[in-house]
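Here the structure comes first, spelled out in structure tokens, and everything after it is commentary.
Below, all heavy atoms of this structure are taken into account, side chains as well, without hydrogens, waters or symmetry copies.
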Amino acid sequence: MSLSKESSLLSNLNDAQQEPVLHRDGPLIVIAGAGSGKTRVLTYRIANLMKHGVDSFSILALTFTNKAAREMKARISEIVGEGEAKNLWMGTFHSIFARILRQEADKLGFPRDFTIYDTQDSGRLIASIIKEMGLDKDIYKFKQIRTRISAFKNSLITVKAYFNDPDLQEADAISRRPKIGEIYKQYVERCFKAGAMDFDDLLLRTNELLNMHPPVLAKYQDQFKYILVDEYQDTNHSQYLIVRALSDKFQNICVVGDDAQSIYGFRGANISNILNFQKDYDDVKLYRLEQNYRSTKNIVNAANSIINHNKNKIDKLVWTSNTDGSKIKVQRCLTDADEGREVASSIFEIKMHEQRLNKEFAVLYRTNAQSRAIEDALRKRDIPYRVYGGLSFYQRKEIKDLLAYLRLIVNPNDEESLKRIINYPARGIGQSTLDKLIIGAKNNDLSLFDTIKNSSKLNLSLNRGVLGKLLDFSDFILSLQIENQKFNAFEIADLVTKKTGLVLELKKDGTPEGVSKVENVEELLNGIHDFVEGQKEISDASGSLSEFLEDIALATDFDNNKNDDIDCVYLMTVHLSKGLEFPIVYIVGLEEDLFPSALSLNTRNELEEERRLFYVALTRAMEKAVITYTLSRYRWGKLVDAEPSRFIEEMDKKYLDFTVPISDYVFKPILDKEIFGGFESPKTKNIPLKGGGKVNTMPSQKQLGKLRKINSNEMASTVSIDKQIAELQEGMNVEHSRFGNGKVLRIEGKGNDKKALIDFDSNGKKNLLLRFAKLKIK
DNA sequence: TCATTGGGCTTTTTT
DNA sequence: AGCCCAATGA
């Protein structure tokens, strides 16, 4: 290879980045601060290996999302050429090892076409096991059990290991759920019989494969001479063991990560994997990337000031030579709807002033439920947006229903799919029949589908009519299986849709939701069509149904959307935003019990993870960051008081720009009552209101806590209410902070509902709720 | 067996 | 406020 190529490869890297790229053999760890070019290092390291003759088939790169893998592959293609990059083993743990597991399925007693159960499928199966065992579903909550089983699997605690561990059994007995082990056992058996693996199985079974079959382990050890793991801080124990096993022979292992961005503890990620890496291998080289290329000084420094509140961390100093940029705006809002409006109008304004594109903006939130208020506001402003995550396309009911048919054709033992569609559309096979079938399946050690096929011979105390319907159903599926031999995925899906009348079923309901469901099904069919067309270009692919199902089993919203270029504002959870960057970022809902989540306040570790989460959110921003919080928000259908997040308090104030003066910020509980309680409380109604009644002494944080508990009646006498608003009359001239000057045309309503119709000079007529409108009488 | 209704529960975060 | 499930009646 030529020297000039080598130097051009390196010319895109700073010194710190070059070192790990040029490191050839032996273990290395790269601690990479946010925005320090971590992906770039991985990309160039792989390219560099390939340039020095390492076969692309022997490089395994594990990323956190499939999207990250795709992008990295594309960048490597640009450096070394597409032909070679295509052969890299690059993808998420789940997708890479699903692929290997299919190859080796027979060794584990699974069909090659095993089904992958998503979270919903596992939950349903667990719920049904709990019910069949006659357990109280209020004590055995299926979601909790599912989480617990998942935790077992991620720690490599098999059913056998569970029953060998008295401590675990005792812990479950103490929590009044002694049957967890039994549920776990049945769940694993049922999955096995159904030829299905859940997400955790993809890792657990890989461990099983590598441990129990030394020749298989040797084969993959030999194949993967170089292994790279991105986002190593988010690997769990099961993933850790896979990496260890595979890298054991050559020890050419490179892990990249940032302990400060570890945010997946809840699904078993173990931060000590990255903290202990140097103990796991001999002669580990450690590299640090501390220069941030992404964000302004204000953002980097504010982020540092927040993460410094964590005790548990590797010391590093992230710095930048970028400009100062503007300060981080901290915006107070009244309600979640108001928060949406503030965000939307801010986006609108910046777009106008700075000629920005929609896709330069991102709105990040802690929980998916928060997207709604933002969406409403953006829609009103005609700002295009796209919500990522949440209920993904493939999780929608109408989509899962059609997919269930398809899954059943490929794997008739797939119990969850069968239960889903055996009576959808209705064909007279109800719950009681299904219960009998499940018992029959258990007694005869058959899969559910085989039980149905043989139902007439099995003495299941079913009447003749039902037996006929069952036979019709199994014949239907069997006939589709035969069709599947000759047709591609699209042809089969189309056939299923027509024969089952699935779309007709949806069309007859006629509601807007029904219409959108029909559209979704059509979109799925289009997607399958595209998939089949795409497969035609791949030499060893056929466009079969099982290929399609493999392809989508692990797909997320991020993956299947080819329209990356559409110009929309991004809406997503902070978790989903990891690894991404945007010029302007809004982080909304910075309130106690929301961010940090109320469920994460029990231990220091949980709180520190929330803080890292906020750190991740803030470090997504390149140029501008805006943080918002509300005084009250709709939760569980009720308007609930909110309190600014401790994370706002924790940031160094010199990087912040408060829209509400800091002193008001401290008085927040009082203002809170002023706005929402003041007018209507019985005592205040007839009391002459006094203006300007600000409390003069500064309450301490402790007192603030107490103040919040005082009800509005007691508060009334000290509350400051703008008397000018109370005295507002028709015909008066007023000033509004956003709409400018105007004239009051009409006043209507009382107390909290008092409204004024105001004609603004430059904004036209608006009907404003007085308790929200910050009006000044002129 | 099916369709409707009301009650309870929900909100972390995801491969 | 919305979703899922169980109970209820047809």
Side-chain angles (χ1 to χ4, degrees), chain A residues 62-69 91-98 116-120 122-124 127-128 131 137-138 141-143 146-147 150 153-154 197-204 231 234-236 238-239 262-269 336 364-373 388-392 394-395 397 422-435 463 465-466 469 509 513 553-559 572-578 589 591 593-602 606 609-610 612-614 616-617 633-640:
Chain A
L62 297 164
T63 59
F64 196 69
T65 62
N66 286 311
K67 188 181 180 223
T92 61
F93 274 89
H94 290 85
S95 63
I96 292 284
F97 294 113
I116 295 175
Y117 277 176
D118 65 16
T119 314
Q120 200 182 32
S122 348
R124 281 173 175 237
S128 120
K131 194 171 151 199
K137 67 176 169 48
D138 294 327
K141 299 195 171 167
F142 78 92
K143 279 187 184 168
R146 190 227 279 136
T147 307
S150 172
K153 289 186 173 180
N154 284 328
M197 295 199 199
D198 63 22
F199 287 143
D200 305 315
D201 283 331
L202 296 175
L203 308 173
L204 180 64
E231 309 280 13
D234 283 323
T235 52
N236 63 34
S238 195
Q239 293 168 322
S262 164
I263 55 172
Y264 281 94
F266 70 92
R267 72 174 204 214
D336 42 358
L364 308 181
Y365 35 79
R366 179 65 180 81
T367 66
N368 282 304
Q370 289 167 259
S371 74
R372 195 192 189 100
Y388 292 83
L391 233 210
S392 87
Y394 291 111
Q395 287 169 347
K397 184 188 175 310
I422 189 167
N423 202 31
Y424 181 83
R427 46 173 76 85
I429 305 173
Q431 192 57 49
S432 57
T433 304
L434 195 54
D435 288 345
N463 67 42
V466 172
K469 289 171 186 167
D509 107 352
E513 294 82 45
L554 297 166
T556 65
D557 262 11
F558 269 125
D559 297 326
M572 68 184 81
T573 62
V574 179
H575 281 91
L576 269 187
S577 77
K578 195 171 71 157
E591 293 143 38
D593 292 350
L594 182 61
F595 200 175
S597 159
L599 296 158
S600 301
L601 299 175
N602 299 319
E606 285 173 336
E609 178 150 320
E610 292 285 315
R612 290 193 294 268
L613 196 53
F614 180 55
V616 167
R633 145 184 325 272
Y634 275 96
R635 289 179 101 172
W636 316 283
K638 285 202 179 73
L639 198 60
V640 179

- Between A:Arg635 and A:Gly430, name the one whose nearest nucleotide on DNA chain B is closer to the 5' end. A:Gly430
- Query: Any idea which heavy atoms bring A:Gly589 and A:Phe595 closest together, and the distance?
  - Reply: O-CB, 3.5 Å
- Separation of A:Gln395 atom CD from C:dC3 atom P, in whole Å? 15 Å
- note: A:His575, atom NE2; B:dT11, atom C1'; distance rounded to Å ~ 14 Å
- Looking at every strand, decide which applies to A:Ser600 at a 4.0 Å heavy-atom threshold: base, sugar-phosphate, or nothing. base
- From the candidates B:dT10, B:dT15, B:dT13, the one with an atom nearest any side-chain atom of A:Leu576 is B:dT15
- Task: Report yes if at least one side-chain N or O of A:Thr433 is closer than 4.0 Å to OP1 or OP2 of B:dT1; otherwise report no.
- Result: yes
- Looking at every strand, decide which applies to A:Asn423 at a 4.0 Å heavy-atom threshold: base, sugar-phosphate, or nothing. sugar-phosphate
- Item | Rounded distance in Å - CG (A:Asp200) to P (B:dT15) | 13 Å
- Item | Whole angstrom value for the distance that separates C1' of B:dT13 from CD of A:Glu606 | 12 Å
- Note on the structure: By nearest-nucleotide position on DNA chain B, the 5'-leaning member of A:Ala426 and A:Lys143 is A:Ala426
- Message: Can you confirm whether A:Leu601 sits close enough to A:Pro596 that some side-chain heavy atom of one is under 4.5 Å from a side-chain heavy atom of the other?
- Response: yes
- Note on the structure: Here the distance between atom P of B:dT15 and atom OH of A:Tyr117, to the nearest Å, is 21 Å
- Message: From the set B:dT14, B:dT13, B:dT1, return the single nucleotide nearest to any side-chain atom of A:Thr367.
- Response: B:dT13
- Query: If we take the P atom in both C:dC4 and B:dT13, what is their distance in whole Å?
  - Reply: 15 Å
- Message: For B:dT15 and A:Asn236 - does any side-chain N or O of the residue sit under 4.0 Å from the phosphate oxygens OP1/OP2?
- Response: no
- Message: From CG of A:Leu601 over to P of B:dT13, roughly how many Å is that when rounded to an integer?
- Response: 16 Å
- Query: On the ring face of A:Tyr424, is A:Lys397 found with NZ or CZ under 6.0 Å from the centre and within 45° of the axis?
  - Reply: yes
- What are the two closest heavy atoms between A:Ala269 and A:Asp234, and how far apart are they? CB-O, 3.5 Å
- Query: Can you say whether the rings of A:Tyr264 and A:Phe64 are parallel (under 30°), tilted (30 to 60°) or perpendicular (over 60°)?
  - Reply: tilted
- Between B:dT14 and A:Asn368, is there an OP1 or OP2 to side-chain N/O distance shorter than 4.0 Å? yes
- Query: Could you give the NE2-to-C1' distance, from A:His94 to B:dT15, as a whole number of Å?
  - Reply: 4 Å
- Query: Over how many whole Å does the gap from A:Leu202 atom CG to B:dT14 atom P extend?
  - Reply: 19 Å
- A:Thr573 vs B:dT14: side-chain N/O to OP1/OP2 distance below 4.0 Å: yes
- Task: Would you say whether A:Tyr264 stacks on B:dT13? The test is a distance between ring centres of less than 5.5 Å and an angle between planes of less than 30°.
- Result: no
- Task: Could you check which of B:dT15, B:dT11, B:dT13 has an atom nearest any side-chain atom of A:Ala369?
- Result: B:dT11
- Any salt bridge between A:Arg146 and A:Asp198, counting N to O under 4.0 Å? no
